[in-house]
There are 2 protein chains.
Amino acid sequence: MSVTGHTSFGGRVHRAPGQRKAASIRDVARAADVSYQTVSRVINSHPSVRDETRRRVQEAIDALGFRRNATAFALARGVTRSVTVLTSDTLLHGYAATLQGLEEASRAAGFTLGVRLLTPEDDLDQTIAAAADTGGGLVVIGYDRLGAAALDRVPAQVPCAAVVEAPPPGRTPGRPAVWADDRAAARAATAHLLALGHPTVHYVAIPASTGTRRSAGPRAEGWRLALRAAGVAAPAPSGRGWDAQAGYEAGRGLARNREVTAILCGNDDLALGVLRALHHAGRRVPQDVSVIGFDDAPHSAFVTPSLTTVRMDFQGLGRAAFGLLRAQLDSDRQPPAPDPVATTLVLRESSGTRTS
Amino acid sequence: MSVTGHTSFGGRVHRAPGQRKAASIRDVARAADVSYQTVSRVINSHPSVRDETRRRVQEAIDALGFRRNATAFALARGVTRSVTVLTSDTLLHGYAATLQGLEEASRAAGFTLGVRLLTPEDDLDQTIAAAADTGGGLVVIGYDRLGAAALDRVPAQVPCAAVVEAPPPGRTPGRPAVWADDRAAARAATAHLLALGHPTVHYVAIPASTGTRRSAGPRAEGWRLALRAAGVAAPAPSGRGWDAQAGYEAGRGLARNREVTAILCGNDDLALGVLRALHHAGRRVPQDVSVIGFDDAPHSAFVTPSLTTVRMDFQGLGRAAFGLLRAQLDSDRQPPAPDPVATTLVLRESSGTRTS
DNA sequence: CTGAAAGCGCTTACAG
DNA sequence: CTGAAAGCGCTTACAG
């Protein structure tokens with residue numbers, strides 16, 4: 001089966017002869033028999049307008065279906081109430097959920113929300129410049145290398161906030177940013193597996209967002225920390241990608257090794273692939289091997305075995321990032337109280353004591 | 001474990017004393033010793049500018065880091081190269097993938113892409129008006145009731161295209177729209193199950209996008225059609241929602257009924273829930289019951305059993321919708337050749353001949 | 001090839 | 001309380 005789609009062309013819009021263009025404040029002024037400044041006052045709810053005048057203007061506004069031209073407003077005012085989000089992905093759960101949090105906060109604040117995908121092909125500086133040219137602020141999702149690189153290149157004069165994977169190293173006074181404590185979460189998840197009696201825990205990593213050789217990101221760090229605290233040597237991490245396919249490939253290697261009894265994954269997609277590889281290798285979860293994911297994607301509770309994972313408040317992160325941006329835009333505005341971006345280990349079927 | 005997040009406030013941006021505002025064409029003109037009209041010509045690559053002049057202006061542009069003010073450009077030109085997408089969801093696979101197609105196409109065309117979530121709480125007309133006020137075009141994702149309602153209320157004079165669940169009934173000359181042939185796809189999927197030897201096929205429905213009592217949307221229609229063609233009576237459909245939880249609830253009812261051997265689901269999330277319910281009821285897939293989903297979400301190939309499903313080209317749908325919008329904006333532009341929005345039945349482990 | 005004028009639709013002081 | 005002027009940063013005819 002391979003059905004071809006359809007396209008309909010009913011009701012194409014072309015300005016019909018009788019269809020006049022949108023009314024301006026001058027049109028309204030004429031209809032209400034006042035000056036256009038008075039109209040401006042009315043639409044901006046300026047206090048000093050006589051009630052009777054205000055009423056007449058409002059009537060004209062309604063009659064003509066007047067709506068203030070947002071472009072002209074922005075030009076005159078010199079500001080745009082808009083954010084554009086720069087992200088290298090919109091489909092992965094963490095990104096999509098963060099985006100949703102940003103949308104929610106921007107909507108509540110009356111801001112317009114733009115989205116621009118960062119790709120390896122496009123010139124980063126050009127993409128950033130084009131986004132900045134819209135006149136609003138920027139929020140960059142810096143979970144990965146491309147996002148982190150973009151963040152570094154945003155010109156200083158452009159209002160910008162970020163949601164990142166981990167706090168910037170050192171005391172670098174970077175951009176205002178929010179993050180969750182991935183390291184503590186990974187550490188706790190690893191400790192949980194160790195407490196279950198597993199001799200060690202293997203790690204399937206997500207790609208790092210920074211170039212530091214020292215670590216592969218906070219999740220890997222937390223995992224290492226927990227192993228060290230338990231006096232266990234860390235096995236070499238695997239994983240080369242974000243998706244289930246990458247998890248599957250890493251999982252195949254792990255499944256062959258009979259010493260492997262516990263695996264922490266950098267995200268739920270990787271975990272799904274690992275689960276699949278273990279299944280193909282005939283290794284039962286959790287009887288033979290325990291698996292823990294990261295992010296708590298919507299489907300993770302419904303796969304079999306259901307996935308033990310770390311729940312992240314991505315939407316809260318998105319909302320908080322918007323708050324940081326806004327504090328910059330209205331410089332008199334207090335930076336918002338840090339939204340608590342919680343992290344929770346959700347225990348489900350994929351982790352347990354080894355019974356084989 | 002419940003770790004609280006962190007917020008960093010390094011490098012807050014406030015215009016430092018020495019930080020002058022962005023250069024305008026007048027600044028460039030002064031630096032290049034020409035009139036600002038000439039600068040305008042240069043940045044618009046107007047042919048009649050002396051090479052020497054052009055070079056001088058370009059130098060000034062580079063020196064001052066001039067970038068044309070997009071807002072002023074839009075006001076003067078009277079058009080905005082922007083689309084805003086109206087959608088009631090951004091997380092479900094179909095929506096997110098459609099959105100990505102729209103982003104890709106808009107990026108390629110040099111359009112800005114806005115996103116606004118439709119919610120039951122907000123006033124639809126107000127949301128639409130606010131989106132229209134940005135000056136660009138609208139694309140509404142009409143897969144569900146809220147989206148379909150929004151589409152109906154977009155004022156005639158605002159440029160708008162849509163991606164919908166099914167062709168509008170009758171010859172209603174509605175908005176330019178694209179859709180995939182869900183009905184044919186559902187019919188083929190159902191026919192496939194019947195051909196496998198299943199006496200009938202049950203259906204777990206997604207919520208309908210229209211109020212027609214006649215049908216519950218094209219997927220349900222296709223399912224009915226296939227059953228009728230086989231001379232089989234259609235069992236009552238179940239399902240009340242979009243997510244895995246809804247699928248799980250419907251699945252519990254189905255799992256109790258020993259007559260049920262084949263289930264078609266309105267999407268992959270529902271299918272996941274159904275799979276889970278069958279598992280809890282001790283019914284094996286596909287030995288006892290076959291399950292087919294819809295949409296081919298990224299994880300569907302990696303769950304166990306892997307999910308037989310209908311692959312939809314959501315990104316293609318998004319791209320095509322953008323094309324329709326653009327044809328409206330540039331009225332001299334030909335509507336694009338309908339992008340083939342294909343639909344493919346992907347056979348995996350969850351469907352087969354009954355062996356119990 | 002290049003400059004002076006008017007206008008896009010609004011807002012912000014400034015008068016009265 | 002209300003109107004006339006100037007300006008936001010561009011573009012589009014119109015002159016020269």
Side-chain angles (χ1 to χ4, degrees), chain A residues 15 20-58 60-61 64-82 112 129-130 132-136 157, chain B residues 15 20-58 60-61 64-82 112 129-130 132-136 157:
Chain A
R15 181 162 297 159
R20 61 200 174 299
K21 56 187 296 194
S24 74
I25 52 171
R26 292 177 211 260
D27 297 324
V28 173
R30 204 169 306 128
D33 198 34
V34 295
S35 73
Y36 60 83
Q37 284 90 340
T38 297
V39 177
S40 175
R41 288 195 187 89
V42 172
I43 62 182
N44 290 300
S45 348
H46 189 99
S48 52
V49 175
R50 204 152 43 111
D51 278 358
E52 154 63 10
T53 311
R54 183 185 304 280
R55 196 187 52 68
R56 227 167 55 231
V57 170
Q58 191 55 56
I61 287 177
L64 298 178
F66 167 82
R67 307 219 91 229
R68 167 212 273 147
N69 181 309
T71 305
F73 178 80
L75 180 59
R77 267 285 182 79
V79 294
T80 314
R81 288 168 72 84
S82 76
T112 262
D133 283 351
T134 62
Q157 71 273 17
Chain B
R15 182 163 297 157
R20 62 199 172 301
K21 54 186 299 194
S24 73
I25 53 172
R26 292 175 209 259
D27 297 323
V28 173
R30 205 169 305 127
D33 198 34
V34 295
S35 73
Y36 61 82
Q37 285 88 342
T38 298
V39 177
S40 175
R41 289 195 185 89
V42 171
I43 62 183
N44 290 299
S45 352
H46 188 99
S48 52
V49 175
R50 205 154 42 115
D51 278 358
E52 155 63 10
T53 309
R54 182 184 306 280
R55 196 189 50 67
R56 227 169 52 233
V57 170
Q58 190 57 55
I61 286 177
L64 298 178
F66 167 82
R67 306 219 91 229
R68 169 213 270 148
N69 180 309
T71 303
F73 178 79
L75 181 59
R77 268 284 182 79
V79 295
T80 314
R81 287 168 72 84
S82 76
T112 261
D133 283 351
T134 62
Q157 71 274 18

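Convention: sequence-line order gives letters A, B, ...; per-chain numbering from 1.
A heavy-atom distance below 4.5 Å is found between the side chains of B/Val34 and B/Arg56. With contacts defined as side-chain heavy-atom distances shorter than 4.5 Å, the pair A/Val57/A/Ile61 qualifies. When side chains are defined from C-beta on, B/Asn44 counts as touching B/Arg68, because their heavy atoms get closer than 4.5 Å.
The nearest whole Å value for the distance from the NE2 atom in A/His46 to the P atom in C/dC10 is 18 Å. When the P atom of D/dC10 is taken as reference, atom CZ of B/Arg26 falls 9 Å away, rounded to whole Å. In this structure, CG of A/Asp27 is placed 13 Å from C1' of C/dC8, rounded to the nearest angstrom. Straight-line distance from the OH atom of B/Tyr36 to the C1' atom of C/dG3: 9 Å, rounded to whole Å. The interatomic distance linking B/Arg41 (CZ) with D/dT12 (C1') rounds to 10 Å, in whole Å. To the nearest angstrom, P of D/dT2 lies 16 Å from CD1 of A/Ile25. When the P atom of C/dC1 is taken as reference, atom CZ of B/Arg54 falls 9 Å away, rounded to whole Å. Here the C1' atom of nucleotide C/dT11 and the CD atom of A/Gln37 are 10 Å apart, to the nearest Å.
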Practice prompt. Output, in order, the C-alpha distance, side-chain angles, deciding distance and verdict of side-chain contact (heavy atoms from CB on, under 4.5 Å) for A/Arg50 and A/Arg54.
Written response: CA-CA 6 Å; A/Arg50 204 152 43 111; A/Arg54 183 185 304 280; over 6 Å; no
Practice prompt. Please lay out, stage by stage, how A/Thr53 and A/Thr38 fare under the test side-chain contact (heavy atoms from CB on, under 4.5 Å).
Written response: CA-CA 9 Å; A/Thr53 311; A/Thr38 297; 3.8 Å; yes
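Near-neighbour residues of DNA chain D inside residues 67-79 of chain A, defined by a heavy atom below 4.0 Å, number-ordered: A/Leu75, A/Ala76.
Distances from the side chain of A/Phe66 to the nucleotides C/dC1, D/dG3, C/dC10 place C/dC10 closest.
Here the side chain of A/Ser24 pairs a donor or acceptor atom with the backbone of A/Arg26 at under 3.5 angstrom.
For the pair A/Thr53 and D/dT2, the criterion of a side-chain N or O lying under 4.0 Å from OP1 or OP2 is met. Here B/Ser40 does not reach the OP1 or OP2 of D/dC10: none of its side-chain N or O atoms lies under 4.0 Å away.
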Item to complete: Fill in the dot-bracket string of DNA chain D, one character per base: . for unpaired, | for a pair to another strand, ( ) or [ ] for pairs within the strand, taking Watson-Crick or G-U pairs under 3.5 Å.
Response: |||.||||||||.|||
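Of all heavy-atom pairs spanning A/Gln58 and A/Val42, the tightest one is OE1-CG1, 4.1 Å. For A/Thr134 against B/Thr71, the heavy-atom pair with the smallest separation is O-OG1, 4.2 Å. Nearest heavy-atom pair, A/Ala23 versus A/Phe66, reported as atom, atom and distance to 0.1 Å: O-CD1, 3.2 Å.
For the pair A/Thr38 and B/Ser24, nearest-nucleotide mapping onto DNA chain D gives the more 5' position to A/Thr38.
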